[in-house]
Amino acid sequence: MSNDTSRGLESPDARDASLHSASIDGTRTDREETPIGVDIGEYNIYTACPIDLPDWRGAHAVCGDDLCQRLDDFRREAAAVLASSYDRPTIAAYVQQRRDALVAALDAAARTVCEYATAYDDPVLVTEDSHYSPDLWAWLTAPNAHRGSTWLLSAAHLRLRTVAAEYRLPVAAVPEAYSTQECHACGVLGTRELNTIVRCTNSNCHVDTVAADCNAAKVLARRYYPGRCCDYRPDESSHPGDRPALAADGGRPD
């Protein structure tokens, strides 16, 4: 497939990217705000949790199973279309249509998060400081591209900001390092079990195990305030590649 086709597939995500920086509002006000951490992943596309929520059952999670299945189906179908004799405009129109449907699903999920947030006084959504741009074309064509790192997660970040702007909700970005391991209560790094549970390793902490996505969301909310990051960090030199870069963002394949 020629580079002409890839140019036809990039522009929608490029337009999303232009909203990424414009809609982030990290400023503080004098009023009492309610930081609501929003963890973004594949198991749950969005998990929202206010900083002071006493009961995990009050968190809001949007399951990602259906969307991930649709993405997997899309990749298989796109491979067949790309290998066919269809012309460039037909292929580009097909991919655009499928992308628009996926974005609509993300927007619907993001709206439930925003509706949830509006129940709190002066809410501010707090997400990871993700600067990656979604690259749908790279995910569709690269043999080993991962749907999450190449398109889904960065697209979910951008769509959340876009929808939050419609609701006039501020969105703040905080450092992401160790947010999936840090205990929300004591700040000590815990261990991941079955990829869905975090176990706190601090014997003096009241937390034993907690749902990983809910924990990460509350950690992000906690980090809205200065100095509220994890209290213990492992030796960086002992964990080479602990935070690998996501797949190439925004670039067109050669």
Side-chain angles (χ1 to χ4, degrees), residues 1-24 38-46 62-114 127-167 171 173 244-254:
M1 185 57 55
S2 68
N3 285 341
D4 285 340
T5 303
S6 66
R7 281 193 288 271
L9 307 182
E10 284 185 338
S11 56
D13 287 326
R15 289 195 296 271
D16 287 345
S18 69
L19 294 166
H20 179 55
S21 59
S23 60
I24 296 177
V38 183
D39 180 63
I40 298 176
E42 292 184 63
Y43 179 74
N44 288 314
I45 295 298
Y46 297 118
V62 182
C63 181
D65 290 348
D66 179 67
L67 188 56
C68 288
Q69 183 61 57
R70 290 171 63 180
L71 279 164
D72 290 343
D73 293 342
F74 179 25
R75 184 177 171 96
R76 286 191 296 270
E77 293 165 6
V81 171
L82 290 168
S84 72
S85 58
Y86 288 117
D87 58 21
R88 173 186 174 276
T90 300
I91 294 173
Y94 162 76
V95 173
Q96 180 69 46
Q97 182 183 43
R98 293 300 301 270
R99 177 204 173 273
D100 288 348
L102 293 168
V103 167
L106 284 174
D107 284 359
R111 287 191 178 93
T112 70
V113 172
C114 292
T127 69
E128 295 175 350
D129 186 11
S130 172
H131 61 274
Y132 301 102
S133 298
D135 193 335
L136 183 61
W137 176 246
W139 175 69
L140 287 174
T141 58
N144 297 317
H146 187 271
R147 66 187 175 215
S149 58
T150 309
W151 189 79
L152 178 58
L153 301 188
S154 50
H157 272 279
L158 295 181
R159 299 317 304 173
L160 178 64
R161 284 159 172 75
T162 301
V163 173
E166 297 174 4
Y167 280 77
V171 182
L246 294 180
D249 44 293
R252 185 175 63 248
D254 295 328

Rounded distance (nearest 0.5 Å) linking atom CD1 of Ile91 with atom OG of Ser85: 8.5 Å
Main-chain N/O of Leu158 paired with Thr162 side-chain donor or acceptor, under 3.5 Å: yes
Pair Asp72 + Arg75: basic N to acidic O under 4.0 Å: no
Trp139 and Leu152, any side-chain heavy atoms less than 4.5 Å apart: no
Closest heavy-atom pair and its distance - Cys63, Asn44: CA-OD1, 3.5 Å
Tyr94 atom OH, neighbour heavy-atom count above 12 within 6.0 Å: yes
Heavy-atom pair with the smallest gap, counting every atom of Glu42 and His146: OE2-CE1, 2.6 Å
Heavy-atom pair of closest approach, residues His157 and Glu128: CE1-O, 3.8 Å
Show me, pair by pair, the donor-acceptor contacts under 3.5 angstrom made by side chains of residues 105-112, not counting sequence neighbours?
unit_1	atom_1	unit_2	atom_2	d
Asp107	OD1	Arg159	NE	2.8
Asp107	OD1	Arg159	NH2	3.4
Asp107	OD2	Arg159	NH2	3.1
Arg111	NH2	Glu166	OE1	3.4
Thr112	OG1	His60	NE2	2.9
Thr112	OG1	Ala109	O	2.6

Minimal non-hydrogen separation, Ser133 against Ser154, with atom names: C-OG, 3.8 Å
Point-to-point distance, once rounded to the nearest 0.5 Å, from CG of Leu140 to CD of Glu77: 11.0 Å
Atom pair CG (Leu153) and CD1 (Ile45), whose distance is rounded to the nearest 0.5 Å: 7.0 Å
Close side-chain approach of Phe74 to Leu136, heavy-atom, < 4.5 Å: yes
Check: Tyr46 side chain, Ala156 main-chain N or O, donor-acceptor pair, under 3.5 Å: yes
Heavy-atom side-chain proximity of Val171 to Val38 below 4.5 angstrom: no
Side chain proximity check, Gln96 to Asp100, heavy atoms < 4.5 angstrom: yes
